**Q** 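My questions will all concern the structure given below.
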Amino acid sequence: HTPPLRYWTISANRYDMPHNVLLRRYICRRLSDYFSQPAHKVVGSIGTSCSWSTETEGVSHRPNIPFSSLMGEWHWKQTYKRLYNEQNGQWLTPSELFTPHYSNIMANFISTSMSTNQFSNGNDVGFEIVELGGGRGTNAKALLDHLKNHHNGMYERLEHYTIYDTSGSLHDLQREVLINASTHADKVKLVHVDMMDIAEGTSTFLTPSDTPTAVISLELLDNLPHDKVARCVETHDILQAEVVPLDSTSDVVDLNTQHPYMEVFSPLSDPLLERIVSMAPSLYTPTISHGPRWIPSVACGVLMKLFECRPNSSIAFADFDWLPAPDLTNFSLSDATILAEPAVGDPLVTDMDGRDYPCYLTPSPDVLCDILFPT
């Protein structure tokens, strides 16, 4: 399906409107609003209300799903559905659902990969772990527990476990879980920073070093801001998507997501986008026949910074390999306002009530939405 060709005929006077905002910065602000909510409203956890939770001497224990007792796929689906109904968050990550097994696998990967590094560089070489987007801190705690209990030599050589996270509320929860109430406090560092700032080079990231570093990122890529690019049919130049206030007389100068915006296209000028397109032209250069496409610009920028700082890193990223189509049965043609061009890799936009939207600009400015990209 070829998207409409509206963007190919935008007149030149639309390119330099005074309030243009690069698309990834708009999406970053919308996601920041979403993740600024109390942590329990966004990332759920398996709580003590589950039927298999236990309590010993007045202390409630975080339950694990009794996988060995599940009687096939149907039983798992029923269990999974009940878990979602019992928790308050918008979604449950694999780190929460499959704790501690999911994190144990990550710990084993780190032990193996860092052992190889240490064999090459000497047995006394220390190493670091970096987690991009730490969620509730569940993965970090379980991973460190497993390292300490089953790979103690590696645990002793671990210099730092550093979490970089954009969400202030999740950052505070990580501090409670990993520092205030943890035996691993001396190993953990928490950095509250926006991934977009790291990608653009405006925030400090890792110190350049030859220290062996294991980098993990679980369910982060889908929530990193993306950009959209297109090819102009008249000039064949690459265009970058931007948003502008719907009210052309608005006095808004800085980005303010409390105002409605619409999407426009301008000639490619963003340094990060230019670098990505030049490094992978066959992957990210749009063609006229296929219309606009999304580029994971922040993810690409973070990875480039990572390998500049730690070229000998071992990496394990995990995320969705598929997203469902949005459920738009509650939208009519009259209220499903499309203010953005359809593009390859369109995100799934869902509000706190589970309602899906046709595009990232459709929800009212006061509606908090998750924006998930198919990675």
Side-chain angles (χ1 to χ4, degrees), residues 39-40 43-48 54 56 59-65 92-119 121 123-167 169-193 205-207 209 211-220 306 310 312-319:
H40 71 275
V43 184
S45 66
I46 302 175
T48 55
T54 60
T56 304
V59 178
S60 294
H61 298 279
R62 181 186 179 87
N64 297 323
I65 300 171
L92 284 167
T93 66
S95 298
E96 301 291 337
L97 276 172
F98 306 120
T99 185
H101 315 293
Y102 194 74
S103 302
N104 293 350
I105 293 171
M106 291 296 166
N108 292 337
F109 158 76
I110 289 171
S111 179
T112 300
S113 60
M114 292 298 100
S115 294
T116 302
N117 260 302
Q118 289 173 351
F119 182 78
N121 296 285
N123 288 335
D124 294 330
V125 173
F127 72 99
E128 297 183 23
I129 300 174
V130 171
E131 184 172 3
L132 304 178
R136 301 176 61 89
T138 302
N139 175 68
K141 184 181 183 306
L143 191 157
L144 288 168
D145 285 345
H146 191 75
L147 272 184
K148 187 174 184 179
N149 295 332
H150 298 278
H151 306 282
N152 189 256
M154 298 302 297
Y155 181 84
E156 294 300 324
R157 293 190 180 103
L158 174 61
E159 296 176 359
H160 303 295
Y161 189 119
T162 305
I163 294 179
Y164 291 85
D165 208 297
T166 298
S167 169
S169 59
L170 289 174
H171 178 77
D172 292 340
L173 182 57
Q174 293 157 13
R175 181 172 301 280
E176 179 63 30
V177 170
L178 297 169
I179 294 181
N180 298 346
S182 171
T183 59
H184 309 297
D186 60 326
K187 300 283 190 182
V188 175
K189 290 184 175 180
L190 302 176
V191 181
H192 182 204
V193 64
F205 192 31
L206 293 166
T207 304
S209 170
T211 301
T213 305
V215 183
I216 58 177
S217 180
L218 310 177
E219 291 69 56
L220 173 75
L306 172 61
R310 303 292 171 93
N312 60 345
S313 297
S314 297
I315 292 179
F317 282 18
D319 220 301

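Model, not experiment: these values are computed from the prediction.
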**Q** Okay, side chain of N139, backbone of G134: is any donor-acceptor separation there less than 3.5 Å?
**A** no
**Q** The test is side-chain contact (heavy atoms from CB on, under 4.5 Å); show your working for K148 and T183 and say whether it passes.
**A** CA-CA 10 Å; K148 187 174 184 179; T183 59; 4.1 Å; yes
**Q** Supply the atom-to-atom distance L220 CG to F317 CZ, rounded to the nearest 0.5 angstrom.
**A** 7.5 Å
**Q** Taking C-beta and beyond as the side chain, do F205 and V193 meet within less than 4.5 Å on heavy atoms?
**A** no
**Q** How far does OG of S95 sit from CG of L143, to the nearest 0.5 angstrom?
**A** 9.5 Å
**Q** Name all residues meeting the salt bridge (Lys or Arg N to Asp or Glu O under 4.0 Å) criterion together with E128; count only those two or more places apart in sequence or in a different chain, and write none if there are none.
**A** R310
**Q** Hey, is the main chain of I110 close enough, under 3.5 Å, to the side chain of S113 for a donor-acceptor pair?
**A**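 Yes, the answer is positive, given that a donor and an acceptor are paired below the 3.5 Å cut-off.
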**Q** Quick one: which of H151, H101, H184 gives a ring pair (Phe, Tyr, Trp, His ring centres under 6.0 Å) with H146?
**A** H151
**Q** If we ignore hydrogens and angles and just use 3.5 Å, is the side chain of S111 paired with the main-chain N or O of A107 as donor and acceptor?
**A** no
**Q** How far apart are the closest heavy atoms of G135 and Q174, and which atoms are they?
**A** O-NE2, 2.9 Å
**Q** Would you check if T138 and V177 make a side-chain contact, meaning some heavy-atom pair closer than 4.5 Å?
**A** no
**Q** Could you tell me whether a side-chain N or O of R136 sits under 3.5 Å from a main-chain N or O of V43, the two making a donor and an acceptor?
**A** yes
**Q** Do side-chain atoms of S217 reach the backbone of V215 as a donor and acceptor pair under 3.5 angstrom?
**A**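 Not at all, since once roles are kept as given, no pair shorter than 3.5 Å links the two residues.
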**Q** Can you list the steps and then say if L190 with D165 is a side-chain contact (heavy atoms from CB on, under 4.5 Å)?
**A** CA-CA 8 Å; L190 302 176; D165 208 297; over 6 Å; no
**Q** For the residue pair Y102 and L218, establish whether any side-chain heavy-atom pair is separated by less than 4.5 Å.
**A** yes
**Q** State whether the side chain of E176 and the backbone N or O of A181 hold a donor-acceptor pair below 3.5 Å, judged by distance alone.
**A**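 Such a contact is absent between E176 side chain and A181 backbone.
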**Q** Flag the pair L306 / S313 as yes when at least one side-chain heavy-atom distance between them is below 4.5 Å, and no otherwise.
**A** yes
**Q** Y161 vs L178, test: side-chain contact (heavy atoms from CB on, under 4.5 Å). Steps then yes/no.
**A** CA-CA 10 Å; Y161 189 119; L178 297 169; 5.8 Å; no
**Q** Distance check, rounded to the nearest 0.5 Å: L147 atom CG versus N108 atom CG?
**A** 8.0 Å
**Q** Without swapping roles, check the side chain of H192 against the backbone of T166 for a donor-acceptor pair under 3.5 Å.
**A** yes
**Q** So how far is it from I65 CD1 to T99 OG1, rounded to the nearest 0.5 Å?
**A** 9.5 Å
**Q** Is the backbone of H160 close enough, under 3.5 Å, to the side chain of K189 for a donor and an acceptor to pair up by distance?
**A**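 Judged by distance alone, no pair lies under 3.5 Å.
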**Q** Pair V188, S182 - check side-chain contact (heavy atoms from CB on, under 4.5 Å), show working.
**A** CA-CA 10 Å; V188 175; S182 171; 5.8 Å; no
**Q** Do you know which two heavy atoms are closest between L158 and L144, and how far apart they sit?
**A**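 Scanning both residues completely, I find the closest heavy atoms to be CD2-CD2, 3.6 Å.
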